[in-house]
Every structure is written in C-alpha cells, then in structure tokens.
Amino acid sequence: MVSTILPLLKQSGLSATLIEIADKIASGSRITSEEGILLFKEGSLPYLAVLADLVRKRINGNQVFFNRNIHLEPTNICVNHCAFCSYRRRKGEEGCWEMGIGELVQMAKSHALSGITEIHIVGGVHPDRDIHFYADLLVEIRKILPDVQIKAFTAVEIDAMCKFAQMEIKDGLSLLKEAGLVSLPGGGAEIFDETLRAKICPDKTDSAGWLNIHRTAHQLGIPTNSTMLYGLIEDYSHRIDHLNRLRNLQDETGGFNAFIPLKFKHYNNRFSHIEEQTTIEDLRNYAVSRIFLDNIPHLKAYWPMIGKQVAQLSLAFGVDDLDGTIDDTTKIYSMAGSEEKSPTASTDQLTAMIRGAGFVPVERDTLYNTIESA
Ligand code: V47
Ligand code: SF4
C-alpha cells in the first residue's frame, strides 16, 4: 500500500511535510498532535480520504457495522444550562417531559417485536431522580426484555445521579452494572479544553471528571463510547487536544468501543448565531479523527444528526459504523434542527446505504459482536 500511494502523492504537488505524514500513517506509525493540527489545516479532502480509508481498512477491513436499536429519553428537565442545548427545559416549562418507569418500560416493550438488540438511554439531569430510580428502570426493562443490551447514561448523568444519592462513582457504576447496564454512551464530553468548556457548558461535569468516570467504567469491565462536540467556538488545536486526551485514556484502559463526532446543530439555542459546519468540514473531521485515534476501534456517523446522505458519504472518510434503526425514538437532534425530523431507518435501508458505498454490512450488538452478516 505504501509503495502504491506514496509515488502518487509525490507527483501531486503536496508539501514535503504532508508527504512525510502520509508516509507515517501508511506505515502504521502514530501521528503527533502537531501533525494532527496540520492535517486539519492543510489536508485536502481527497488526501484525508485516502489516508483515513487506509486506517479504517487496517482496523475494520471493508466492514460497516449497524444495529437494531431504540432510544429512551426519560426527561428533558435538566439542572444544567449548556449554551448549545435546544432540548433542555425547566420543570413546569412548556415542552418539558418526564416519563415514569412504567411508561418507559411500555415504550421499550412496544418495540420488542421489531427485534431490537439495544436500548440507548440518555436524558437531562433531573433534579429529583437519583441512581436508585435509574437502577430500578434498568431492572424493570430487563424483566420484560432480558436479551436486549442497555447502553445508558452519559458520564454527566452518572456524575449527578451518584451525587444525588451520595454514592461514589465506582459504587454507582457497580450498582448500575448489577442492574443490567452493559455500556455507557459517549455524550457529555463536548470539548475538553477547560476555557471553552466554561463558556459552553459551565455547570457540567468537568473534563477530568468525564475522563475519570469513563476510566472507572473501563476498570469495572463496562466499555464505553466517546464523543466530541465540534463546530462551536473551538479551533483545530482544541479538537486535537480533545482527541489526544481520548487517545491517552484508551492507551491506558482500552475500554472505548467507538468515537462519535457530534456536529453542533444551531436551531433554537443560545449559539444559534453560529453557522453550522459545511459537509466538507464534517468529512474532514471524520477523516482526521480516524487517522488520529489509531487505538479506538470504531468511528461512528450518527445519521439522525447529519442525515442519511452525509452518513453514507462519511463511509469513504474512515467511518465504519452507522449506529442503528432508531425507530423515531429520539428528539435531541430534531429539536436542534436536524433535517431528520422523525429518524427511522429499516435494516434494509441501512444495508443498502452500506452496500451502495462499496462496503459489507455487518449487524452487531452493543459490544460489537456480529449478529449476522446482512
Ligand atoms: O452530550 C446536545 C450533544 C449529546 C446538541 O454513544 C448536541 O452511541 C450538537 O450522547 N448540537 C448527547 N450536539 C447524545 C449522545 C449520543 C448520541 C449518539 C450516539 C451516542 C453513542 C451518544 O448530544 C450531548 C451533546 O454533546 N448535543 N445538543 C446540539 N445542539
Ligand atoms: Fe442538560 Fe444535556 Fe442539555 Fe446540557 S446538553 S443542558 S446536560 S440536557
């Protein structure tokens, strides 16, 4: 591969530094933060696509993963005030909701016949709900759907639910694991740079706290996902700093399954004046993430956020996971202005998207075990 690509790059008028970085990536070496920033600043779309594809093929071959899942969003009432959030409401405010355990279990049950293998649960930080409420929720769901895997609660929710119950993170996570939690979603990471974090989500779990909750989960045998909210007020060095902190933790624990870049959507929030990133920037971001995070196995394009067409295109930029069928069960991104107003994808649609981009669809469970090659 190195021998076929490098001569072509050399003829293409690329700078010597970009050729050197390409050489490094092609030979399987890790790039530095400075090189990552340079890729963001100077790497053209086709250059990044070729290199990201090289890394994705090394890790995942031609496979693209998807699953059959639904989301449960127990409440959008939240004690935090993230400036980018279009979803949060105060208690009693128009548009707020809070569902009880019975209602959530009924919702889960109503999707049982469609063969879901995963329930993803994320919501606001409700002031009156501690870890015992959420542990009971998991127990009740598992009573009726014992084979479905539950990926639930961002580190921010875990932090708050443990504090409300005056419980250590380690004990709280152990309790949730006992109740049926198999994995944590990646939300709440936003951007780790402390100065920016103070501007966009001042009262959220801080960066060290987020990383520590994921470290603790990994130590307890609970794998997790990771995310980065991009397209807000950060520059490329903040993005690389964020990726670097994830890469370092992954070197330490190996517990991250996937990285999911989350594109800032600007409808109806306090950052509405900021223009959204272009599709080209989205694709460049996927590619640099794939190249830089050489130790996180999966890169996910979350189609309810970017739309199915861009998600399909992202498969040429290092992405190997399209999330799942969703079945119109999430509001976070439709409330922030995603064009996917009622996000639903059949498995036929997902497999057609994957095949159409030249890859092999693989249905997976939450832990990336293969269910069947579709
Ligand atoms: O933490 C909120 C983000 C996250 C906006 O692990 C926004 O498989 C962009 O955790 N524009 C929650 N992003 C979502 C989440 C998630 C989603 C998909 C897959 C997985 C996974 C996890 O949503 C929040 C925040 O970063 N968010 N508002 C917005 N306006
Ligand atoms: Fe609350 Fe999450 Fe919205 Fe922040 S992003 S205000 S934590 S619901």
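Order of appearance sets the numbers: ligands from 1, and atoms from 1 within every ligand.
Between G187 and ligand 1, at least one N/O pair is under 3.5 Å apart. Checked against a 3.5 angstrom limit, the closest N/O atoms of T154 and ligand 1 fall outside it. When only interatomic distances are considered, the shortest N/O to N/O separation between V122 and ligand 1 does not fall below 3.5 Å. Among the atoms of G186, some N or O lies under 3.5 angstrom from an N or O of ligand 1. The distance criterion of under 3.5 Å between nitrogen or oxygen atoms is not met by K204 with respect to ligand 1. Ligand 1 has a nitrogen or oxygen under 3.5 angstrom from a nitrogen or oxygen of F84.
The aromatic ring centroids of H218 and F256 lie less than 6.0 Å from each other. Taking the six-membered ring wherever Trp is involved, the centroid distance between the rings of Y236 and F40 falls below 6.0 Å.
For the residue pair H214 / T224, a side-chain donor-acceptor distance below 3.5 Å is found, with atom types taken as modelled. Side-chain atoms of T253 and Q219 include no donor-acceptor pair closer than 3.5 Å. Q250 and N295 are not linked by any side-chain donor-acceptor pair at a separation below 3.5 angstrom, with hydrogens and angles left out of the test.
Distance alone, capped at 3.5 Å, places no donor-acceptor pair between the K263 side chain and the I306 backbone. Distance alone, capped at 3.5 Å, places no donor-acceptor pair between the E363 side chain and the P361 backbone. Between the side chain of S314 and the backbone N or O of F317, no donor-acceptor pair lies under 3.5 Å. No donor-acceptor pair under 3.5 Å is formed between the side chain of T325 and the backbone N or O of T347.
At the shortest separation from atom 11 (N) of ligand 1 among protein heavy atoms lies K265 N, 2.9 Å. Distance from atom 16 (C) of ligand 1 to its nearest protein heavy atom, with residue and atom name: H120 CE1, 4.0 Å. Nearest non-hydrogen protein atom to atom 26 (O) of ligand 1 is E190 OE1, 2.4 Å. The shortest contact between atom 1 (O) of ligand 1 and any protein heavy atom is with G188 N, 2.7 Å. Scanning all protein heavy atoms for the shortest distance to atom 27 (N) of ligand 1 gives Y333 OH, 3.6 Å.
At a heavy-atom distance under 4.0 Å, no atom of T227 approaches ligand 1. Contacts between K151 and ligand 1 below 4.0 angstrom, taking non-hydrogen atoms only, involve the side chain exclusively. Contact annotation: for C82 versus ligand 2, heavy atoms closer than 4.0 Å belong to both the backbone and the side chain. Using a 4.0 Å cut-off between heavy atoms, M305 makes no contact with ligand 1 at all. Under 4.0 angstrom from ligand 1, the non-hydrogen atoms of P185 come from both its backbone and its side chain.
No heavy atom of H266 sits closer than 4.0 Å to any atom of ligand 1.
Ligand-side atoms of ligand 1 in range of K263: 9 (C), 11 (N), range being under 4.0 angstrom from any heavy atom. Taking every heavy atom of F264 and a limit of under 4.0 angstrom, the matching atoms of ligand 1 come to 9 (C), 11 (N). For ligand 1, the atoms closer than 4.0 angstrom to any heavy atom of L262 are 3 (C), 4 (C), 23 (O), 26 (O). Under a 4.0 Å criterion applied to the non-hydrogen atoms of Y302, ligand 1 contributes the atoms 18 (C). Using a 4.0 Å cut-off to heavy atoms of N269, the atoms of ligand 1 that qualify are 30 (N). Close contacts between ligand 1 and I260 involve ligand atoms 6 (O), 8 (O), 20 (C), 21 (C) [criterion: under 4.0 Å to a heavy atom].
Test R56, Q63, H298 against D320 for side-chain hydrogen bond (donor to acceptor under 3.5 Å, both in side chains) and you get one pass: H298.
Atom 3 (Fe) of ligand 2 has an N, O or S atom of C85 under 2.8 Å away, backbone or side chain.
Checked for salt-bridge contact, E35 and K24 meet the test: a charged N lies under 4.0 Å from a carboxylate O. In summary, R284 and E281 engage in a salt bridge, as defined by a charged side-chain N under 4.0 Å from a carboxylate O.
Here the straight-line distance linking atom CH2 of W97 with atom OG1 of T75 works out to 7.5 Å at 0.5 Å rounding.
The shortest heavy-atom contact between N76 and Y87 is ND2-O, 3.0 Å.
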